[in-house]
Amino acid sequence: MNTWQRAISSTNMRLLSLLFLVFFVSCGNQREQEAYQFFLRGNDQLLKQDYPQAIRFYTEAIKKKEDFSEALTNRGLSYLQQGDTEKALSDLNNSLKINPKLGSTYQNRGNLFSLEGQYAPARKDLEEAVKLIPDSSSAWALLGNAQYMTGQEDLAFSSFDKAAQLRPSDYTTYAFRGWIYVLRKEYAKAQEDFKKVLQYKPNEPSSVNNLAMVSTMLGNPQEGLKWADLAVKITEGKLLAYSVNNRAFALLELNRLEEAKAELDRSLRLEENNAWAFRNLGIYYLKKSDAAKALQELQKAEKLDPSVDEINYYFGKTYELLGQSAEKCKSWQKGAALHEKKALEAAKTCR
């Protein structure tokens with residue numbers, strides 16, 4: 001998974017993972033009763049997003065009842081929400097050893113694998129999840145994401161449709177499908193899905209950020225700047241780096257170059273391996289007619305992530321500025337082969 005995609009997808013996935021909580025009425029012994037009480041307290045803290053406390057209570061539950069698969073699953077989810085994938089995976093694996101029929105465990109492990117870019121095992125887990133919990137819209141949405149990433153495009157959109165039918169108000173479906181449309185460069189459809197997310201989850205950070213990008217890509221940088229301004233206010237961490245970068249991109253398209261440069265510098269301070277920010281720095285130097293620096297920044301972007309949108313088009317523009325016609329056409333033809341919209345148009349001039 002590339003740097004940009006990981007920042008956006010992991011934020012969505014961690015934010016949007018649903019909590020599959022199991023509540024018990026037990027007639028067992030005192031020790032089991034105590035385990036269930038700790039479990040319920042852990043669930044309460046998990047719902048409040050107090051993950052350290054949730055982990056503490058689930059751990060006490062597991063001490064009382066070692067084969068408590070549901071507590072292991074929810075502790076694994078808590079670790080995942082904290083970003084501790086190693087402990088999360090261990091708990092989810094152990095839960096399935098005890099009870100291989102827990103659909104929520106397969107869903108959470110599939111989510112974890114997707115976060116790590118391991119889409120083949122993610123798809124396998126999520127296929128099992130929808131068998132066991134076929135009415136889970138989020139399981140179907142996650143499956144659609146994994147299917148697309150493993151080349152099963154038709155199945156992916158069928159899964160997204162299933163998720164939307166099961167629960168039209170589940171914004172995770174539109175968030176995941178919107179990002180798939182971004183990958184397909186179908187920005188109008190992506191915009192529609194991200195706006196649908198906001199109908200059900202106002203100011204959801206990743207979707208606001210994505211709207212900043214797609215609005216600018218659709219040729220409306222003023223709207224892109226509006227969304228980016230909001231994204232900068234409501235995001236933090238790595239996502240903030242991308243929000244700031246999207247703001248810079250809109251400013252570049254509006255030819256507010258020095259404001260854009262300041263934002264790009266800020267974005268790279270927040271996330272030094274931000275390939276999209278380096279691409280946008282290349283655009284900045286192109287607009288300043290500094291081909292040498294533009295080439296340098298574009299090469300940095302390509303090294304980090306060769307799939308950055310329209311990068312070959314901007315390489316071509318740089319070589320054009322340098323007077324290197326052969327390299328210009330080579331870049332545009334490469335971009336055209338990858339279905340980069342601007343490169344497709346530019347490559348026509350090389351015939």
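Along the sequence shown, residues carry numbers from 1.
A 4.5 Å side-chain heavy-atom check between S138 and D170 finds at least one atom pair inside the cut-off. The closest side-chain heavy-atom distance from F278 to L264 is not below 4.5 Å. Y319 places a side-chain heavy atom less than 4.5 Å from the side chain of S331. The shortest side-chain heavy-atom distance between F68 and E66 does not fall under the 4.5 Å cut-off. Inter-residue side-chain proximity for I283 and Y314 is flagged as met; some heavy-atom pair is nearer than 4.5 Å. Side-chain contact between E302 and V308: absent, with no pair of heavy atoms (C-beta onward) separated by less than 4.5 Å. Side-chain atoms of L46 and Y51, non-hydrogen and from C-beta on, do get closer than 4.5 Å to each other. The shortest side-chain heavy-atom distance between L251 and E263 falls under the 4.5 Å cut-off.
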Side chain to side chain contact (heavy atoms under 4.5 Å, CB included) between Q82 and I55, intermediate numbers included: CA-CA 10 Å; Q82 288 193 140; I55 290 167; 3.3 Å; yes
Verdict with reasoning, N245 to N274, per side chain to side chain donor-acceptor pair (under 3.5 Å): CA-CA 9 Å; N245 178 65; N274 186 342; 4.7 Å; no
Stepwise side chain to side chain contact (heavy atoms under 4.5 Å, CB included) check, L295 with Q299: CA-CA 6 Å; L295 185 61; Q299 287 171 338; 3.7 Å; yes
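Between the T318 side chain and the A294 main chain, no donor and acceptor come within less than 3.5 Å of each other. Looking only at distances, a side-chain donor or acceptor of T150 sits under 3.5 Å from a matching main-chain atom of Q147. In this structure a side-chain-to-backbone donor-acceptor pair under 3.5 Å is missing from S207 to N203.
Here E327 pairs with nothing under the side chain to side chain donor-acceptor pair (under 3.5 Å) rule; sequence neighbours left out.
Geometric assessment of R279 against the ring of F249 yields a positive cation-pi assignment under the 6.0 Å and 45° thresholds.
One finds a salt bridge joining E127 and R123 here, because a Lys/Arg side-chain nitrogen approaches an Asp/Glu carboxylate oxygen to under 4.0 Å. Using a 4.0 Å cut-off between a side-chain N of Lys or Arg and a carboxylate O of Asp or Glu, K261 and D265 qualify as a salt bridge. Comment: E186 does not engage K341 in a salt bridge, judged by the lack of any side-chain N to carboxylate O separation of less than 4.0 angstrom. A salt bridge links E320 with K317: the distance from a Lys NZ or Arg NE/NH1/NH2 to an Asp or Glu carboxylate oxygen falls below 4.0 Å. Using a 4.0 Å cut-off between charged nitrogen and carboxylate oxygen, K195 and E223 count as a salt-bridge pair. Salt bridge status for R31 with E34: absent, with no side-chain N to carboxylate O gap under 4.0 Å. Of the charged side-chain nitrogens involved, at least one lies within less than 4.0 Å of a carboxylate oxygen, so that E153 and R184 count as a salt-bridged pair. Taking the charged nitrogens against the carboxylate oxygens, E345 and K342 have no contact shorter than 4.0 Å, which rules out a salt bridge.
Residue pairs meeting the side chain to side chain donor-acceptor pair (under 3.5 Å) criterion with at least one partner in residues 87-96, sequence neighbours excluded, are T73-S95, R75-D91, N93-R109.
A pairwise comparison of heavy atoms in P221 and T216 identifies CA-OG1, 4.0 Å as the closest pair. The two residues L225 and L254 make their nearest non-hydrogen contact at CD2-CD1, 4.0 Å. The heavy-atom pair separating F39 from A61 by the smallest distance is N-CB, 3.9 Å. Minimum heavy-atom separation, D290 to L321: N-CD2, 4.3 Å. Shortest non-hydrogen contact noted between L102 and S69 is CD1-OG, 3.6 Å.
Note on L92: it does not cluster hydrophobically with I98, by side-chain heavy-atom contacts below 4.5 Å among ILVMFWY residues.
Remark: the N210 side chain and the Y187 side chain contain no N/O donor-acceptor pair separated by less than 3.5 Å.
Remark: aromatic rings of Y58 and F38 are distant, center separation not under 6.0 Å.
Ring geometry for F160 versus F157: interplanar angle over 60°, hence perpendicular rather than tilted (30 to 60°).
Note that CD of E310 and OH of Y313 are 8.0 Å apart. Values are rounded to the nearest 0.5 Å.
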